[in-house]
Protein chains: 2
Amino acid sequence: MITLYLAEDQSLLNTALAQLLGLEDDLQVVGTATDGQTALTEILALQPAVVILDIEMPQLTGLDVADALKQQHYAGKVMILTTFAQKTYFERAVQADVAGYLLKDSPSDQLITAIRRVVAGQTLYAPELVVNMLSSEQNPLSKRETEVLQVAAQGGTTKAIAAQLFLSDGTVRNYLSAVFSKLGVHSRLAAVQVAKAHQWL
Amino acid sequence: MITLYLAEDQSLLNTALAQLLGLEDDLQVVGTATDGQTALTEILALQPAVVILDIEMPQLTGLDVADALKQQHYAGKVMILTTFAQKTYFERAVQADVAGYLLKDSPSDQLITAIRRVVAGQTLYAPELVVNMLSSEQNPLSKRETEVLQVAAQGGTTKAIAAQLFLSDGTVRNYLSAVFSKLGVHSRLAAVQVAKAHQWL
DNA sequence: GTTTGGCTATGACAAATGTCACAAAAAAAC
DNA sequence: GTTTTTTTGTGACATTTGTCATAGCCAAAC
């Protein structure tokens, strides 16, 4: 019998999956949560063989939970189950030694077979991710440039940005100018648009 | 026996729900789709008693499908099943005479009872929506102001905005100035932030 | 029938923004 | 150990942006 724990923000999917997985002879759902903090506490108490984590959850994200479990040298397998194939999420998940990274756009029976394979020792990554990793352009901005743009995206004035980052007024304008040049735009708003589209922000 | 059709973008939820609903004695899932166009065609062919529609789907949204079904004087009941309680979505749904508007953050057994009630002739709206409708502030911007801000949000220069809307350069600046004053900000970026936060954009 | 509000426009001004050249220290890469 | 990149800064300039006063036209409201 494989014991499962399910952490999923969206109650409908959470309950539906819990019931469906429970119908399988070799699977048993020992607990569910709709937020990361509850999930982490209960996982450590219940010690399920497989943990299935959504990423976007209140309080702690699924990735935060995976990190915490890694630090505790958790014995069971950890799987991430999320909507989008975001490079940054995936990279963090790999860092946290997850045994599986699946997308919500594959049918539920694939999830079930994936669980069995993970228990058998396999590591499963959704194929879309590999494609996405290769095709997605990398951020041409330096760390600081990204940071400045990020703060600028909040909509504050140059002065406000400078104050928040402990920089001079002119330096901020210089950074932004460099950002614009790299992104091929001429204004903050346009830069934010482009950066968001590429998920660099 | 209640015949059901399920249109849901996310395959995992789609398949999980289809299986779960099919387990009920009085429910039968006669078809599913992951996009609006397929859903509409198949619904008209299969004539299910209840149609469950997600909103955000490729090609046609659930609301588009609901509109089309209303125009055809469709005999069955139409239910919307979506993630967020957005006022604008809800209003459109009510216009399309949907029999139910449910949120994905309630458990799956509530969906099942909701289906039975809708078939019995009841109309069900998620309680969160009523709260949301009352609490959400209304857009203080005029139609044209909203339009200008919307175009400005794309990141173009004043000239580009003016060209796109067939306005003079100065008029665009005036509109934006009025928008800023109403939203309590002093820049385009900040205005876009505020407007997006309130879902006025 | 007048008043109100929305749409459009111009001109002028102050402030903010974007650009460029230049420079120097620190960190990273080779 | 040298070169390159990154980070930070100044000063100056052109352009863009935001603000305000003012005004005509139109439609809706009262």
Side-chain angles (χ1 to χ4, degrees), chain A residues 87-88 91-92 95 136-201, chain B residues 87-88 91 136-201:
Chain A
K87 198 180 162 191
T88 47
E91 286 170 343
R92 257 196 76 187
Q95 289 298 312
S136 68
E137 310 158 55
Q138 62 182 1
N139 190 341
L141 308 178
S142 77
K143 192 180 294 185
R144 201 61 164 152
E145 286 165 348
T146 309
E147 216 175 338
V148 172
L149 182 59
Q150 211 155 133
V151 175
Q154 311 301 310
T157 61
T158 306
K159 249 182 268 298
I161 300 164
Q164 193 171 337
L165 296 174
F166 305 103
L167 289 175
S168 93
D169 213 56
T171 304
V172 170
R173 301 226 303 285
N174 277 338
Y175 272 124
L176 288 174
S177 190
V179 168
F180 300 160
S181 151
K182 285 184 182 178
L183 299 187
V185 298
H186 301 276
S187 81
R188 295 161 189 219
L189 225 174
V192 170
Q193 286 281 309
V194 172
K196 274 189 178 162
H198 288 269
Q199 304 179 326
W200 293 333
L201 197 135
Chain B
K87 199 181 160 192
T88 47
E91 286 169 342
S136 68
E137 311 157 55
Q138 60 182 4
N139 189 341
L141 308 179
S142 77
K143 193 180 292 185
R144 201 60 163 154
E145 286 166 350
T146 309
E147 215 176 337
V148 172
L149 182 60
Q150 211 155 127
V151 175
Q154 309 303 310
T157 62
T158 306
K159 249 183 268 296
I161 300 164
Q164 192 171 336
L165 296 175
F166 304 104
L167 289 175
S168 93
D169 213 56
T171 304
V172 171
R173 301 227 301 285
N174 278 339
Y175 272 124
L176 288 174
S177 190
V179 167
F180 299 160
S181 152
K182 286 183 180 177
L183 300 187
V185 298
H186 300 277
S187 80
R188 295 161 189 218
L189 225 174
V192 169
Q193 287 281 309
V194 173
K196 274 189 178 163
H198 288 270
Q199 304 180 328
W200 295 333
L201 197 134

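So you know, we letter chains A, B, ... as the sequences are listed, proteins then strands, and number each from 1.
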**Report entry** Atom-to-atom span, CG of L176(B) to P of dT17(D) - whole angstrom
**Finding:** 9 Å

Query raised in the report: Heavy-atom distance under 4.5 Å between the side chains of N139(B) and T146(B), does that happen here?
Result: yes

Query raised in the report: Could you give the CG-to-C1' distance, from D169(B) to dG11(C), as a whole number of Å?
Result: 13 Å

Query raised in the report: Between dT10(D), dT17(D), dT8(C), which nucleotide has the shortest distance from any of its atoms to the side chain of T171(A)?
Result: dT10(D)

Query - Nearest non-hydrogen partners of R188(B) and F180(B), listed with the distance - result: N-CZ, 3.5 Å

**Report entry** Between P of dT16(D) and CD1 of I161(B), the distance in whole Å
**Finding:** 13 Å

Query raised in the report: How large an angle, rounded to 10°, do the end axes of the helix from dG1(C)-dC30(D) to dC30(C)-dG1(D) enclose when each is built from five base pairs?
Result: 50°

Query raised in the report: Is there a residue in residues 179-197 of chain B whose heavy atoms reach under 4.0 Å of DNA chain C, and which residues are they?
Result: none

Query - Separation of H186(B) NE2 from T157(A) OG1 (nearest 0.5 Å) - result: 9.5 Å

Requested in this report: Return the minimal non-hydrogen interatomic distance between A190(A) and G155(B), and the atom names on each side.
Outcome: CB-O, 3.4 Å

Requested in this report: Taking only the side-chain heavy atoms of R173(B) (C-beta and beyond), determine which of dT10(C), dA12(C), dT7(D) contains the nearest atom.
Outcome: dA12(C)

Query raised in the report: Say you draw a straight line from CZ of R144(B) to CG of L167(B); how long is it, rounded to the nearest 0.5 Å?
Result: 4.5 Å

Query raised in the report: Rounded to the nearest 0.5 Å, how far apart are OG1 of T171(A) and CD1 of I161(A)?
Result: 12.0 Å

**Report entry** Heavy-atom side-chain proximity of V185(A) to V194(A) below 4.5 angstrom
**Finding:** yes

Report task. Please determine if a side-chain N or O atom of T157(A) lies less than 4.0 Å away from the OP1 or OP2 oxygen of dA16(C). Result -> no

Report summary line: E145(B) CD to dG5(C) P, in whole Å, measures 13 Å

Report summary line: Minimal heavy-atom distance between A152(B) and L189(A), with the atoms involved, is O-CD1, 3.4 Å

Report summary line: Closest non-hydrogen contact found for P140(A) with L183(A) is CG-CD2, 4.3 Å

Query raised in the report: Out of dA9(C), dT7(D), dG18(C), which nucleotide sits closest to the side chain of S142(A)?
Result: dT7(D)

Report task. When you get a sec, tell me which of dT17(C), dT7(D), dT8(C) is the closest nucleotide to the side chain of Y175(A)? Result -> dT7(D)

Report summary line: Shortest non-hydrogen pair, L141(A) vs L149(A), comes out as CD1-CD2, 4.2 Å

Query raised in the report: Between K159(B) (NZ) and dT15(D) (C1'), how many Å, whole number?
Result: 9 Å

Query raised in the report: Could you give the CG-to-P distance, from L167(B) to dG6(C), as a whole number of Å?
Result: 17 Å

Report task. Ignoring the backbone of R144(B), work out which of dC7(C), dT7(D), dT10(D) is nearest its side chain. Result -> dC7(C)

Requested in this report: Select base, sugar-phosphate, or nothing to describe what T158(A) touches, counting heavy atoms under 4.0 Å on all strands.
Outcome: sugar-phosphate

Nucleotides 22-24 of chain D: which of its N/O atoms have a protein N/O under 3.5 Å away?
none

Requested in this report: Please answer whether the main-chain N or O of Q150(B) pairs with a side-chain N or O of Q154(B) as donor and acceptor at a distance below 3.5 Å.
Outcome: yes

Query raised in the report: When the distance from NZ of K143(B) to P of dG5(C) is rounded to whole Å, what number comes out?
Result: 18 Å

Requested in this report: For residues A153(A) and Q193(B), report the shortest heavy-atom separation together with the two atoms involved.
Outcome: O-NE2, 3.0 Å

